[in-house]
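Structure, as C-alpha cells:
Just so you know, ligand 1 is whichever comes first in the structure, and atom 1 is the first atom listed for that ligand. Worth saying up front: this structure is predicted, and the values here are computed from it rather than measured. Just so it is clear, the values below take in all heavy atoms, side chains as well, and ignore hydrogens, waters and symmetry mates.
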Amino acid sequence: MAAESRESLRQLIRRKLGRSKFIVVSNREPYMHVFRDGRIDWIRPASGVTVALDPVMRASRGLWVAHGSGEADPKVTDPRGFVAVPPDRPSYRLKRVWLSRRQEENYYYGFANSALWPLCHVAYRRPVFREEHWDAYREVNQLFADRVAEEVGKERAFLFIQDYHFALLPRMLRKRCPQAIIAQFWHIPWPNPEVFRICPWRQEILDGMLGNDILGFHIRYHCENFIATVDRELEARPDRELTAVVFRGHMTKIRAFPISIDFEDISRRAGSPETKRLAASIRRKYRLPENCILGLGADRIDYTKGIPERLDAIALLLERYPQYRSRLVFFQAGVPSRTQIQEYCRLAEEVEERVRAINQKYGRGAWQPIVFAREHFDLPHLLALYRMARFALVSSLHDGMNLVAKEFVAAQSDGNGVLLLSQFTGASRELLDAIIINPYSPDEVAERIRDAIEMNPIEVRRRMGRLREQVREHNIYRWASSVIKKLTKFA
Ligand code: F6P
C-alpha cells in the first residue's frame, strides 16, 4: 500500500472538508516570535503537537488558534490577533490568544502542568490541586471558546482541539456552536479510574470532554481507561462495543489514533550534506571523539522522560563493563521546559549533579562519558544528532506516544542505528523491532544498552529496516487522514 503523503492528505481535505472551516486549537503555538540581537526572529517550540500538526495545517490551509506566548508575538500580529505562518512561507493563519501573567501561571503552569500532567502520567510526582489554578483553567478555556466561536459564527466547521489544556473547551464550544463537529486529541496518557479519582474536579473534566463528537488517544489502552473512568464517575452510558459514551443524550466516540511524523521529509533531510555539516560542528563544539560509541538521549527536561534513571543505567554499564570506559559517550540533549515549575528546576539540577558525579568517577583525562547539553535544539540539529548516534535511549517513565523515537528511526536513511525504547511509551506498541526496556530497572537497561552496542551489524540493519517500514507507512499524513475521515463521517 502506498504511504499517505502531504499531497494525498491535501486532496482528502479538499474532498472531505470542502468549504467548511477547519480550525485547530492548541495551547502551544506552532511558531513563536522572539527578540534576538535586537531583531525580531522566530522559532518552532519543542512540542510534539506542533511538529505533528504543522504539515496538516499546511495541507489544509485552515486556521490555528493558540496562546501567543513569544515575547515578540504582539509586534508581528494584527489587531485581531492574526499572523500568517510559517513566517518564511506563509500557507495558513495563526490566531493568537493573549493571556495575562496570572492566567498563564495558574492555568498553564498550574492546573495543566502541575495537576493534570502528573495525574495522567503517573510518574510518581504528586499532582497539585489548587482552587485558583482550576478557576484560571476554566477562565482560559472560556476565553478560547469565545475566540474560536467568533471565527465560526453560524458556519459549518470542524474544530480540532489539542490536549489536556482544554478539557472544558469541547462542552463550551458545543453550546456556542452546536452546528460544528468537534474532536479532541488527548496527547498524554489517560490513567486508570483509581488514579483519576483523586482529582477534585474529575466530573467537570469528564463532562467537558464528553462535549466532543470524537475523542482521540494514542493507544487503545488509554481509550479503555477513559471509558472505565467515565463509567465510575458519571451517570453516563458507556458502550464498549462501539467504544463510545452517551452522556446527556450525546454520543462521543472514543478512538485510538497513533500520532506520527513526516517520515519522508525527515529521512531526506537527515541524509543531506547540511546534516553532515551540522554533525561536524556538533562534534567540534562538544569535543566528541571521532571514534567513540555515541549514545543519545533527546528530551525536554521533564520528570516523565526518565533522565536520571537512564544516567543510573549508564553508570551501571560503565561499572560492570570497564571496556566501555574511554569508548562510550552518552550525549543527553536536554531542552529546558516549564522552568517556572519548581519540580522541573529541581530535576535539571539533579541531572547536572548526576552527570558531574558520573564524569568524575569514570572520566579519563579529556574523555567524559556524559555530555549534558542543556539548550534548545532545533530539528536540523536533532537530525544531526540522530545520525551521529549508534543508539538512542528513549526511557520515558510514561509517554502518550514519544515522537523522538519515530524521528530517530526516520533519520536512519542509511539503515544503521539501534533504538532502545521504554515499554511505557505509546510508540512501543508499534515499534516492535526496538529493544524494549523497563526504565525503572537500571540493571535491565544497562544490559540492553550493552546488547545494542554489541549487536551484529546485519541484525542492526534488519531491525532498522523493519522499523523504518513501520514509520514510513504509519506517518503523520496517515494519522491526519484517519482523524479527518472519522470527523467527516459526522457531517
Ligand atoms: O502532548 C504533550 C505535549 O503537549 C507535547 O506535544 C510536547 O512534547 C509537550 O507536551 C510540550 O509541552 P509544552 O507545550 O508545555 O512546552
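Taking the six-membered ring where tryptophan is involved, the planes of H398 and H121 are perpendicular, since the angle between them exceeds 60° and thus also 30°.
Ligand 1 has a nitrogen or oxygen under 3.5 angstrom from a nitrogen or oxygen of D163. Between S337 and ligand 1, a contact under 3.5 Å exists for no N or O pair. At under 3.5 Å, a nitrogen or oxygen of R338, whether backbone or side chain, sits near a nitrogen or oxygen of ligand 1.
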Q | ring pair (Phe, Tyr, Trp, His ring centres under 6.0 Å) between Y344 and Y303, intermediate numbers included | A | CA-CA 7 Å; Y344 285 72; Y303 51 84; 5.4 Å; yes

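Which parts of ligand 1 touch I188 is read off a 4.0 Å heavy-atom cut-off, strictly below it: atoms 1 (O), 2 (C). Those atoms of ligand 1 that come under 4.0 Å of a heavy atom in R300, given as number and element, are 8 (O), 9 (C), 11 (C). Within the listing of ligand 1, atoms 13 (P), 15 (O), 16 (O) sit less than 4.0 angstrom from a heavy atom of Y108. The R28 neighbourhood of ligand 1 comprises atoms 13 (P), 14 (O), 15 (O), 16 (O), with distances under 4.0 Å to a heavy atom of that residue.
In this structure, R96 forms no cation-pi arrangement with W64, as its terminal cationic atom is not both closer than 6.0 Å to the ring centre and no more than 45° off the ring axis. F196 does not carry R202 over the face of its six-membered ring by the limits of under 6.0 Å from the centre and within 45° of the normal.
If you look at W117 next to ligand 1, the close heavy atoms, those under 4.0 Å, all belong to the side chain. With a 4.0 Å cut-off on non-hydrogen atoms, N27 does not touch ligand 1 at all. If you look at Q162 next to ligand 1, there are no close heavy atoms at all, none under 4.0 Å.
For W201 and F111, the distance between ring centers is under 6.0 angstrom.
A donor-acceptor contact shorter than 3.5 Å is absent between the side chain of D41 and the backbone of F35. Remark: the backbone N or O of A279 is not paired with any side-chain donor or acceptor of R387 at under 3.5 angstrom.
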